[in-house]
Amino acid sequence: GLNLFAYGTLMTVEGLREALGTRADALTFRPARLPGWRRIWNVYRSEWSGGVLNLEPSPADVVVGMLIEGLGELDLQVLDAQEATHLPRETVYVEPLAGEVVPAQIYRRKKGNHAGKPSGRYKTVVLERAYRSGWEVYENLCRGTVDAAGNPLTFG
């Protein structure tokens, strides 16, 4: 199967259930680190009426998110349709907090298209899902995120 590294609303089973239905319940979710990247709020999504999270290379930083294992090619096609603003996806190497380094797909938009505020509703959902993903994920989201201009944003 294929792996996905999720850093926003897709970090929990609810986030994937919206796209994949009950297939999502068969997947494995593990906290993992992605070194050399950071979360940035620089993508506009109309369904959230505001800015959503993206990833950008940042040598000194690390993103702690969720490694999702057990996806099939068809699952990723369904997710591709939902995450179309962030295509094409790319392969990165993530370090599970327990276990060996594995390849995973990420969705990110190479060039941001939003300099405004984060979507309030998205922020609420993503904080709640990060909280349920574990302390490391939650703390990393709250402390290690920047706005579209690269200035630190703190939450929580």
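Treat the numbers as computed from the prediction; the structure is a model and nothing was measured. Residue indices begin at 1 and follow the sequence shown.
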ask   = If you measure from the Lys or Arg side-chain nitrogens to the Asp or Glu carboxylate oxygens, is any gap between Arg129 and Glu18 under 4.0 Å?
value = yes
ask   = Considering only heavy atoms from C-beta outward, does the side chain of Val94 approach that of Val101 to under 4.5 Å?
value = no
message = Using every non-hydrogen atom in the two residues, find where Pro31 and Ser133 come nearest and quote the distance to one decimal.
response = CG-O, 4.2 Å
What side-chain donor-acceptor pairs closer than 3.5 Å can you find for residues 57-67, not counting sequence neighbours?
from: Ser58; atom 1: OG; to: Asp61; atom 2: OD2; distance (Å): 2.5

inquiry  = In the structure I gave you, are the side-chain heavy atoms of Asn113 and Val43 within less than 4.5 Å of one another anywhere?
reply    = yes
query = Passes side chain to side chain contact (heavy atoms under 4.5 Å, CB included), Asn151 versus Val146? Steps please.
reply = CA-CA 5 Å; Asn151 301 312; Val146 296; 6.0 Å; no
ask   = Heavy atoms, side chains only, cut-off 4.5 Å: are Leu2 and Glu73 in contact?
value = yes
query = Do Thr9 and Trp48 have side-chain heavy atoms sitting under 4.5 Å apart?
reply = yes
ask   = Are Leu79 and Leu87 connected, step by step, through hydrophobic side chains (Ile, Leu, Val, Met, Phe, Trp, Tyr) whose heavy atoms are closer than 4.5 Å?
value = yes
key: side chain to side chain contact (heavy atoms under 4.5 Å, CB included) between Glu128 and Lys123, intermediate numbers included   = CA-CA 8 Å; Glu128 193 260 333; Lys123 196 160 78 172; over 6 Å; no
message = Between Asn42 (side chain only) and His114 (backbone N and O only), is there a donor and an acceptor less than 3.5 Å apart?
response = no
note = One should read off an interatomic distance between Leu10 CG and Ile68 CD1, to the nearest 0.5 angstrom, of 6.5 Å
task = Report yes if the side chains of Ile40 and Thr145 come closer than 4.5 Å at any heavy-atom pair, otherwise no.
result = no
query = Charged N to carboxylate O under 4.0 angstrom, Arg39 versus Glu56?
reply = no
query = If you round to the nearest 0.5 Å, how far is CZ of Phe5 from CE of Met11?
reply = 8.5 Å
is_close_aromatic(Trp41, Tyr122), centroid dist under 6.0 Å = yes
query = Who are the side-chain contact (heavy atoms from CB on, under 4.5 Å) partners of Glu47, not counting sequence neighbours?
reply = Arg45
ask   = Minimum heavy-atom separation for Cys142 to Leu127, with atom names?
value = SG-CD2, 3.8 Å
key: Sole residue of Gln105, His86, Arg89 in side chain to side chain donor-acceptor pair (under 3.5 Å) with Asp80   = Arg89
Crowding at NZ, Lys117 (>12 non-hydrogen neighbours, <6.0 Å) = no
key: Heavy-atom check, side chain of Leu27 versus side chain of Leu4, under 4.5 Å   = no
ask   = Do side-chain atoms of Asn140 reach the backbone of Gly144 as a donor and acceptor pair under 3.5 angstrom?
value = no
note = Looking only at heavy atoms, the pair that brings Ala32 and Pro96 closest together is CB-CA, 3.7 Å
task = Take Val126 and Leu53 through the test side chain to side chain contact (heavy atoms under 4.5 Å, CB included) and record every step on the way to the result.
result = CA-CA 9 Å; Val126 90; Leu53 285 172; 4.1 Å; yes
key: side chain to side chain contact (heavy atoms under 4.5 Å, CB included) partner of Tyr107, chosen from Leu76, Asn54, Thr85, Leu55   = Leu76
task = State yes or no: do Leu153 and Tyr131 share one hydrophobic cluster built from I, L, V, M, F, W and Y residues joined by side-chain heavy-atom distances below 4.5 Å, directly or via other members?
result = yes
inquiry  = Determine whether Arg132 and Glu14 satisfy the following criterion, side chain to side chain contact (heavy atoms under 4.5 Å, CB included), listing intermediate values before the conclusion.
reply    = CA-CA 11 Å; Arg132 282 194 289 129; Glu14 292 78 10; 3.3 Å; yes
message = Within the 4.5 Å heavy-atom criterion, are Asp25 and Arg17 side-chain neighbours or not?
response = yes
query = Does Lys110 come within less than 4.0 Å of Glu90, counting only side-chain N to carboxylate O?
reply = yes
query = So do Arg108 and Tyr7 actually touch side chain to side chain, heavy atoms under 4.5 Å?
reply = yes
remark   = Rounded to the nearest 0.5 Å, the CG atom of Leu16 sits from the CG atom of Leu71 at a distance of 7.0 Å
ask   = Can you list every pair that meets salt bridge (Lys or Arg N to Asp or Glu O under 4.0 Å) and has a residue in residues 26-35, with sequence neighbours left out?
value = Arg30-Glu69, Arg33-Glu95
